[in-house]
Amino acid sequence: MSNIHPTAIVDPSAEVADLAEIGPYCIIGKEVKIGAGTRMMAHSQVLNYSELGENNLISPSAVIGGAPQDHGYKGEPTKVIIGDNNVFREYVTINRGTTKQDGKTIVGNDNLFMAYSHLAHDCVVENNCVFTNMTQISGHCHIHSYVIFSGNVLVHQFVNFGERCFLAPNALVRYDCLPGVIYEGNTAKPRALNMVGLKRAGYTGDAFRHIKKAFKLLCKSDTTLEEGVRQLETCEWRDEEFVAKMLTHAKLILSSKNSRSGNLE
């Protein structure tokens, strides 16, 4: 059976799986689902319509599923949907979605949210991402897998982060970020290739050299992003796995509302 402390407040409509652990003074709202092995530590909250998978850790005073901080929200039963093996440290806040999108804020698997980090409404986080202390993500952002946010990173709404990009401490991010690239500054701009992250992913030899060439074409050449994309499309190795991801994301940047020269200067 689930282990629910007698001081916890659990709505009768909530579903708490066997082997879940609910600590002292926790609050679980209506129609919440909590999977096996998930642990809520003292004073943490999982609020209305939230769904958590297995083996998540919710630290003291973290709040999952709070109402979106959006003037247009009128109390609709929107959701937070969370996968497995995530860690939410102290005072983390994850807000539900809004009807402006599909009504869901989604977090995948194996992500780490450090203390005081915030994920706003309608965001999608894939897998294995790290949100260092005080990272603040505005609404409608999409964060692909293995993205790392250093401390105090601030993110504008509707930003799309490519796989394995890295945000330096105190970065202010207004525009989409290419896969595998380190961004820093206010406004954040590409500074280098995330070589550590790419090597950890197993990219070596020719594959790694081609990623470096793609980075130079897209971020460090004297031409525009449009010209960088055109040149990259002529390369014989453009269809290699990570180069193809960089090229696809660059095309999305060009077609999106976040496509501005400030991101790539």
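Here the structure is a predicted model, which is why all the values come from computation and not from measurement.
The main-chain N or O of K30 is found under 3.5 Å from a side-chain atom of N48 such that the two form a donor-acceptor pair. Within the 3.5 Å criterion, the main-chain N or O of G108 finds no donor-acceptor partner in the side chain of N127. Judged purely by atom type and a 3.5 angstrom limit, N86 uses its side chain to pair as donor or acceptor with the backbone of N111. With hydrogens and angles disregarded, a donor-acceptor distance shorter than 3.5 Å links the side chain of T105 to the backbone of G97. In this structure a side-chain-to-backbone donor-acceptor pair under 3.5 Å is present from T38 to G53. Under a 3.5 Å cut-off, the side chain of T132 and the backbone N or O of F149 do form a donor-acceptor pair. Distance alone, capped at 3.5 Å, is enough to place a donor-acceptor pair between the H144 side chain and the F161 backbone. Checked by atom type and distance alone, the side chain of S150 pairs as donor or acceptor with a backbone atom of L167 at under 3.5 Å. Y183 places a side-chain N or O within 3.5 Å of a backbone atom of L178 that can act as its donor or acceptor partner. The backbone N or O of V124 sits nowhere less than 3.5 Å from a side-chain atom of E126 that would complete a donor-acceptor pair.
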TODO: Evaluate the criterion salt bridge (Lys or Arg N to Asp or Glu O under 4.0 Å) for residue pair E233 and K251; output intermediate values, then yes/no.
DONE: CA-CA 11 Å; E233 287 181 321; K251 290 179 179 178; 2.7 Å; yes

task = Before giving the answer on side chain to side chain contact (heavy atoms under 4.5 Å, CB included), spell out for R230 and T223 the whole-Å C-alpha distance, their side-chain angles and the decisive distance to 0.1 Å.
result = CA-CA 11 Å; R230 283 194 291 269; T223 61; over 6 Å; no

- request: Report the C-alpha distance between I143 and I137 in whole Å, list the side-chain angles of each, state the deciding distance to 0.1 Å, and finish with yes or no for side chain to side chain contact (heavy atoms under 4.5 Å, CB included).
  value: CA-CA 10 Å; I143 301 164; I137 310 292; 4.2 Å; yes

Check the pair S61 / H43 against side chain to side chain donor-acceptor pair (under 3.5 Å), numbers first and verdict last. CA-CA 5 Å; S61 300; H43 297 280; 6.0 Å; no

Next on the checklist: The test is side chain to side chain contact (heavy atoms under 4.5 Å, CB included); show your working for L47 and V32 and say whether it passes.
Outcome noted: CA-CA 7 Å; L47 300 179; V32 166; 6.0 Å; no

*Decide yes or no on side chain to side chain contact (heavy atoms under 4.5 Å, CB included) for W237 and K213, but give the supporting numbers first.*
CA-CA 10 Å; W237 35 267; K213 290 180 180 179; 3.6 Å; yes

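Side-chain contact check for D176 versus L252: every heavy-atom pair is 4.5 Å or farther apart. Annotation: side chain of D11 is not in contact with side chain of I28 (no heavy-atom distance under 4.5 Å). In this structure, the side chains of F166 and V196 stay at 4.5 Å or more apart for every pair of heavy atoms.
Relative orientation of the F113 and F131 rings is parallel, given thresholds of 30° and 60° on the angle between their planes.
When each of K104, R96, H121 is checked for a side-chain contact (heavy atoms from CB on, under 4.5 Å) with V80, only R96 meets the rule.
Summarising the geometry of A62 relative to R89, their closest heavy-atom pair is CB-O, 3.7 Å, with the distance given to 0.1 Å. D102 and D122 get closest at one heavy-atom pair: N-OD1, 4.4 Å. Of all heavy-atom pairs between L198 and G180, the closest is CD1-O, 4.1 Å. Between E184 and A171, the closest heavy-atom pair is CA-CB, 4.4 Å. A pairwise comparison of heavy atoms in K220 and P190 identifies NZ-O, 3.4 Å as the closest pair. Between S138 and H156 the shortest heavy-atom distance is CB-C, 3.7 Å.
With rounding to the nearest 0.5 angstrom, the CG atom of N152 is 12.0 Å from the CG atom of L172. Note that the CZ atom of R164 and the CG atom of N128 stand 8.0 Å from one another [nearest 0.5 Å].
More than 12 heavy atoms of other residues, nucleotides or ligands lie within 6.0 Å of CZ in F208, so this atom counts as buried by the packing criterion. Within 6.0 Å of OH in Y116 there are 12 or fewer heavy atoms belonging to other residues, nucleotides or ligands. Within 6.0 Å of atom NZ in K245, more than 12 heavy atoms from other residues, nucleotides or ligands are found, so the atom counts as buried in its surroundings. The environment of CZ in F215 is crowded: more than 12 heavy-atom neighbours from other residues, nucleotides or ligands sit within 6.0 Å. Residue Y25 qualifies as open at atom OH: its count of foreign heavy atoms under 6.0 Å is 12 or below.
The residues K100 and D70 are annotated as salt-bridged, a charged nitrogen and a carboxylate oxygen being separated by less than 4.0 angstrom.
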